[in-house]
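Have a look at the structure below before the remarks.
Residue numbering restarts at 1 for every chain, and letters A, B, ... go by the order of the sequence lines.
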Amino acid sequence: MFEPVDPKMDFPAMEREILRWWEEAGIVEKYLRRNEDSPKRFSFIDGPITANNPMGVHHAWGRTYKDMFQRYKTMKGFRQRYQNGFDCQGLWVEVEVEKELGLDSKREIEQFGVERFVELCKERVRKYAAVQTGQSIRLGYWMDWDNSYFTMSDENNYTIWHFLKVCHERGWIYEGTDVMPWCPRCGTGLSQQEVVTEGYREMVHPGLYLMFPLLDREGESLLVWTTTPWTLTSNTGAYVHPDLAYAKVLTEDGEVLYALKSRLSEIKRGYEVIEEMPGRALDGLRYRGPFDELPSQRGVEHRVVLWEEVSESEGTGIVHTAPGAGAEDFKISKQTGLAVIAPLDEFGVFVDGFDWLTGRSVFEVNDGIYESLKAKGAFFRLEDYTHRYPVCWRCDTEVVFRLVDEWFISMDELRDKIADVARRVRWIPEFGLQRELDWLRNMDDWMISKKRFWGLALPVFKCGDCGHVEVIGSETELEARAVEGWDDFAGHSPHRPWIDAVKIQCSECEAVVPRIKDVGNVWLDAGIVPYSTIGYRNDRDYWKQWFPADWISESFPGQFRGWFYSLLVMSTALEDTEPFRNLYSYATMRDGKGEEMHKSKGNAIWFEDGAEKMGVDSMRWLYSRQSPVANLNFGFSTADEVRRRFIIPLWNIYSFFVTYANIDGYDPSAGGPPAGERPELDRWILSELNSLTQSVTQSLDGYEPEPAARRIEAFVEDLSNWYVRRSRRRFWKSDADQDKLAAYTTLYECLTTLARLLAPFIPFVTESMYRNLAAPIADARESVHLEAFPEADESLIDGGLSSAARLAMRLSSLGRAARSQAGVKVRQPVERALVKLRSASEEMRLDSVASQVRDELNVKELSVLDDESQVSRFDVRLDFSKVGPKYGPRTKEVSAALEKSDLAEVAALAQSGKPVPVGAFTLEPDELVVASGAIEGYSVASEGGYTVAVPTDISPELRLEGAARELVHLLQNMRRAADFDITDRIVVYYEGDAALDEVIGLHAGYIRQETLADDVRRGTPPEGAHVEERSVNGLSARLGAMRQAR
RNA sequence: GGGCCAGUAGCUCAGCCGGUUAGAGCGCAGUCCUGAUAAGACUGAGGUCCCUGGUUCGAGUCCAGGCUGGCCCA
């Protein structure tokens, strides 16, 4: 006996129950050890999840893939490490801890105490690592949770040191001066990677027009436009486009101005053009700067330079440049020789040398700047200007551009090597490679420093006396080189502030040198994991066994220049080899309407909410069937649809099976007839099952979950809507014969195979099914997840069976359409259906499925249309897939000849299987597709060369039979309404229309059999019977069903 | 300006190696079946497969150019 199955399962409750059992029975433990002695290895290396907040449903998407492939490989017998990773260090954690503490700047952190602050960062990471672990377990993600790696670990940090030392030895590490996007609140530069990720906001800035008076042309000025007035303090030049047309104009207010001709409308007052010239004519003109009175501007020459990128679509075509406050400007200044003035300190406050501005924040000086410009007569016009402008990705503060010293890894020598390594990897989807190469072509040197507290301590020591730079590659090297502070540091993790105590001696000048204060870029932390987590430094043999990863997976946004990039850079530098062989990547999660999910918008779904409302199997299936290149629209209704369309039908089949298996006492351990000796329907579904197993295996071996999931859906649909639908009677008939046993055995095999095939996708439903179904089998494993993945038995795959079943389904569908058209319901038997197929070989095939089609369409007889005289219209077409290749360019002539032929004649010949002369050609019958348009006395439906026709006239006998079936239908409904058991026997009573006697007289046996009635009697139903007044095909009846004692 | 992706029904998306009558789900209208019963099936309406050219006997599918949207880089 199987446990009875609740057809209205509460899936989330079931999942919780199974989680409890997994825990109690130690199943995960057994799973993790299942293959520990296997010679086959599958190396998955986890991209660390930031342990800074609870995980969301979008993380569950990626984790579903990770779990699926590890489970699949486990079932296939591969030994694995099952190691999860947590990303720990970096600004994102600092910002959250700052919020908790109510701190708002680096100064406040320093006052609070860096040591306490860093401890709190560590604590936060541990807390959320635990939260995410719990959530992942709820998802059914089976990992070795006690063995997760943390990027803040000593080993991770020291392995990065090693990497940096290798880079340094090759001369790639340098300290550079550059203008970087800078967050004045966080007090740190933002790397290229950080700014381009969601780092832009729409904002309103001043659009300020002002004049730069030309020194060499008295009374004439350049008209300039800027959206960052504060940078005017550091102006040293103005760009004009060399080739565009500029104009000199006289305004109605008497100003003589230069501006781009196409932008003169910006003047917004009356003017006349005095002269036109190309931009290059203005090259080198000197002008009086807007803030020449500031000490920092002393001695600076301001002049016009040419730049081809000057925009024609905004401003005046004359662009103010402050090379100390703009990234592009700084680069250009190296060629033009324009002076560089750096105005801001790390908090965005003006430094010394800026007179009244010094000590004031960049965000509060605009009004003063306007006043000053007005006083100097340089102010022209001010308006609001809305544009996208970078903000700090962590705290949303508006970014400034600031001249700073940062540390970089030079990419000049690495760039091409990395590209070669990237090309050795299989990228899924394929275009991933193009994206990565595109990034590799465009990237700048990698900025690895950050002026913060919580992160990798860059092991860089720069001598204050002689400028010599040294990079320390390990903790032992540091200890050996330490001349000061080692005792204070010993016993601590290599983080600030403890590490800052250690000083070394300069190997050039013997000065005592402290570490630079900077911490590292977070992508270093994640990029090193294929080295740090598998013993690269300390156990090279072990490392070689697991490196490179066979498979990694993350979503695209950010990763091509984030994790994928850092993995490639670091592995190329260390070993010049690929750190992973296959990469599976996927798009972005949106809400149910396709809009971006944001906590602030209120359309984000918490993982727990999702899990408890939809059940994680629904979520997991939704993810599994998603095309990875497309964004996933995720919502409660989409998950619900998945449950309705896939999980519930699957469950219904299972529940159906268990219901009848229990009634019949089916015992799977007793075996059944050999597959080859079972009825065609069984052999068909087994063929489909094995072919499914084959293609799912192939897809998963190729790391493509989506086609696997879609194939499984199609199979479940066939199983439900054809196999079970067609087999129902076999299960509930009363004889216990071979046919019934074959049906049970077949459906049992389908369900247990499906449970194993689906186990990596939906671990809960499959576990529930498998445990119940496998219980009677002596050597079954206790959990489906300890089972082997199904192996396809190719000998059971038979394309002919598949075609026959497709044919049956198609004919049934057409027959229903024909019935529907004529208004004859399926319950009403009809004499015959006429069918017309595409070929003679299909007619052979028809025999094997004719009984199914007859049954499905409720017809007495199924025959191939042979009396062509009844057909009043023929539709004959070429089968181009055969004719095309054979006749090539002459296909059109064949087609034209056919159109001129007598279609009835052609059809007749084709039907009889003889060669058909068509014009100058002779066609084989199977090169033609013949359909019948209309047939006298029939309702006809045609599609794709198939025709099914059913008669529109019904004989009186058939009407009576129809009424009997109607009666059975009503009685069945009454049985259910009365809540009788499926096996209860009844006595039927009826009163009403006299014509009922004839119906019942003829079909009492049938009615008794179908409704499990011992007798059918005319008369008033006794007390206690279930009674309903009904119309039976127009005959009024009062029906009673009386349950008999068991 | 460059790279990548997408454009198929009202909406969300399938469509393998090119085969001539393009599918599913949701939604809408209607019907049916049901001893899987708070499921299921069918029918119908709804398409310029973004546009233009090319290759081909044949193009939603391949090629070129363009348009629109998204992502990325300048």
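- With sequence neighbours left out, A/E893 forms a side chain to side chain donor-acceptor pair (under 3.5 Å) with A/R890.
- Taking atom CG on A/D6 and atom P on B/A38, their separation rounds to 11 Å, with Å as the unit.
- In this view, A/Y239 and A/W307 satisfy the ring pair (Phe, Tyr, Trp, His ring centres under 6.0 Å) rule, not counting sequence neighbours.
- At whole-Å resolution of the value, CG in A/N858 and C1' in B/C33 are 11 Å apart.
- Across all strands shown, B/A45 has no partner, as no Watson-Crick or G-U wobble contact with both distances under 3.5 Å is found.
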Quick one: which protein N/O atoms are closer than 3.5 Å to N/O atoms of nucleotides 23-31 of chain B? Pair and distance per line, please.
residue, atom, partner, partner atom, Å
B/G25, O2', A/E641, OE2, 2.4

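- At B/C73, one or more side-chain N or O atoms of A/R561 fall inside 4.0 Å of OP1 or OP2 (strictly under the cut-off).
- For the C1' atom pair drawn from B/C62 and B/U56, the interatomic distance equals 10 Å after rounding to whole Å.
- Looking at residues two or more places apart in sequence or on another chain, you find no side chain to side chain donor-acceptor pair (under 3.5 Å) involving A/R590.
- In this structure, A/V968 and A/L814 both approach RNA chain B, and ranking their closest nucleotides by distance from the 5' end singles out A/V968.
- Using a cutoff of 4.0 Å between basic side-chain nitrogens and carboxylate oxygens, A/K886 and A/E927 are scored as salt-bridged.
- Salt-bridge annotation for A/E706 and A/R625: absent, with no side-chain N of the basic residue lying under 4.0 Å from a carboxylate O of the acidic one.
- The distance from atom CZ of A/F646 to atom C1' of B/A14 is 17 Å, rounded to the nearest whole Å.
- In this structure B/U20 sits in no base pair that meets the Watson-Crick or G-U test at under 3.5 Å.
- As a whole-Å value, the separation of A/R726 CZ from B/A41 P is 15 Å.
- When distances are taken from the side chain of A/R816 to each of B/A38, B/A41, B/C32, the shortest belongs to B/A41.
- B/A24 and B/U8 have their C1' atoms separated by 12 Å, with the value rounded to a whole Å.
- A donor-acceptor contact shorter than 3.5 Å links the side chain of A/S699 to the backbone of A/S695.
- Residues from residues 715-725 of chain A with heavy atoms under 4.0 angstrom of RNA chain B, sorted by number: A/S720, A/N721, A/V724, A/R725.
- Across the protein-nucleic acid pair, A/Y744 atom OH and B/A36 atom P stand 12 Å apart, rounded to whole Å.
- A salt bridge is absent between A/R710 and A/E704: the closest approach of a Lys/Arg side-chain nitrogen to an acidic carboxylate oxygen does not fall below 4.0 angstrom.
- For the side chain to side chain donor-acceptor pair (under 3.5 Å) test, no residue two or more places apart in sequence or in another chain qualifies with A/S555.
- Residue-level contact check: A/L878 touches neither bases nor backbone, having no heavy atom under 4.0 Å from any strand.
- With P as the reference atom, B/G23 and B/G15 are 15 Å apart, rounded to whole Å.
- For B/C17, the glycosidic angle deviates from 0 by 90° or less, giving a syn base.
- A/T659 comes within contact range of no nucleotide atom at all, as no heavy-atom separation falls under 4.0 Å.
- A straight line from OH of A/Y586 to P of B/C71 spans 19 Å, rounded to a whole angstrom.
- Looking at residues two or more places apart in sequence or on another chain, you find a ring pair (Phe, Tyr, Trp, His ring centres under 6.0 Å) between A/Y703 and A/F69, A/W551.
- The distance from atom CZ of A/R441 to atom CZ of A/R415, rounded to the nearest 0.5 Å, is 10.5 Å.
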> Nucleotide by nucleotide, 5' to 3', does protein get under 4.0 Å of the base (B), only the sugar-phosphate (S), or neither (-) in nucleotides 5-13 of chain B, counting heavy atoms?
Replying inline: S------S-
Without placing hydrogens or testing angles, list every side-chain donor-acceptor pair under 3.5 Å for residues 425-437 of chain A, not counting sequence neighbours.
residue, atom, partner, partner atom, Å
A/R426, NH1, A/G702, O, 3.0
A/R426, NH2, A/G702, O, 3.3
A/W427, NE1, A/A422, O, 2.8

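- Comparing the C1' positions of B/U20 and B/C49 gives an interatomic distance of 15 Å, to the nearest angstrom.
- In the set B/U43, B/C32, B/A39, the nucleotide with an atom closest to the side chain of A/A817 is B/U43.
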Could you list the protein-to-nucleotides 54-57 of chain B atom pairs, N/O on both sides, closer than 3.5 Å?
residue, atom, partner, partner atom, Å
B/C57, O4', A/G888, O, 3.0
B/C57, N1, A/G888, O, 3.4

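- At a cut-off of 3.5 Å, with distance as the only test, a side-chain donor of A/E688 or A/S802 sits close to an acceptor on the other residue.
- Nearest nucleotide to the A/Q434 side chain, out of B/A41, B/C4, B/A36: B/C4.
- Across all strands shown, B/U52 forms a Watson-Crick or G-U wobble pair with B/A64, both key distances being under 3.5 Å.
- A distance of about 32 Å separates the P atoms of B/A74 and B/U12, rounded to the whole Å.
- Distance CZ (A/R827) to C1' (B/C33): 7 Å, rounded to an integer number of Å.
- In this structure, A/E893 reaches neither bases nor backbone, as no heavy-atom distance under 4.0 Å exists between it and the strands shown.
- Base pairing of B/G40 is made with B/C32, judged by Watson-Crick or G-U wobble geometry with both donor-acceptor distances under 3.5 Å.
- The side chain of A/K825 has B/C32 as its nearest neighbour among B/C73, B/C32, B/A36.
- Taking the six-membered ring for Trp, A/W621 and A/F646 have ring centres closer than 6.0 Å.
- A/L1012 comes within 4.0 angstrom of a base, heavy atoms only.
- For A/F636, the ring pair (Phe, Tyr, Trp, His ring centres under 6.0 Å) test picks out no residue, with sequence neighbours left out.
- The C1' atoms of B/G69 and B/C57 are separated by 37 Å, rounded to the nearest whole Å.
- Taking atom C1' in both B/G40 and B/U48, the straight-line distance is 36 Å, to the nearest Å.
- In this structure A/F731 satisfies the ring pair (Phe, Tyr, Trp, His ring centres under 6.0 Å) test together with A/F656, A/Y744, sequence neighbours excluded.
- Between A/N442 atom CG and B/G2 atom P the separation is 13 Å, expressed in whole Å.
- Under the Watson-Crick or G-U wobble criterion, with both distances below 3.5 Å, B/C71 is paired with B/G3.
- Outside the 6.0 Å centre-distance limit, the rings of A/W523 and A/Y565 are not counted as a close aromatic pair.
- With both ends at atom P, the span from B/A6 to B/C50 equals 13 Å, rounded to whole Å.
- Ranked by how close their nearest RNA chain B nucleotide is to the 5' end, A/K331 and A/R975 are led by A/R975.
- Note: A/F401 and A/F330 fail the aromatic proximity criterion, with ring centroids not under 6.0 Å apart.
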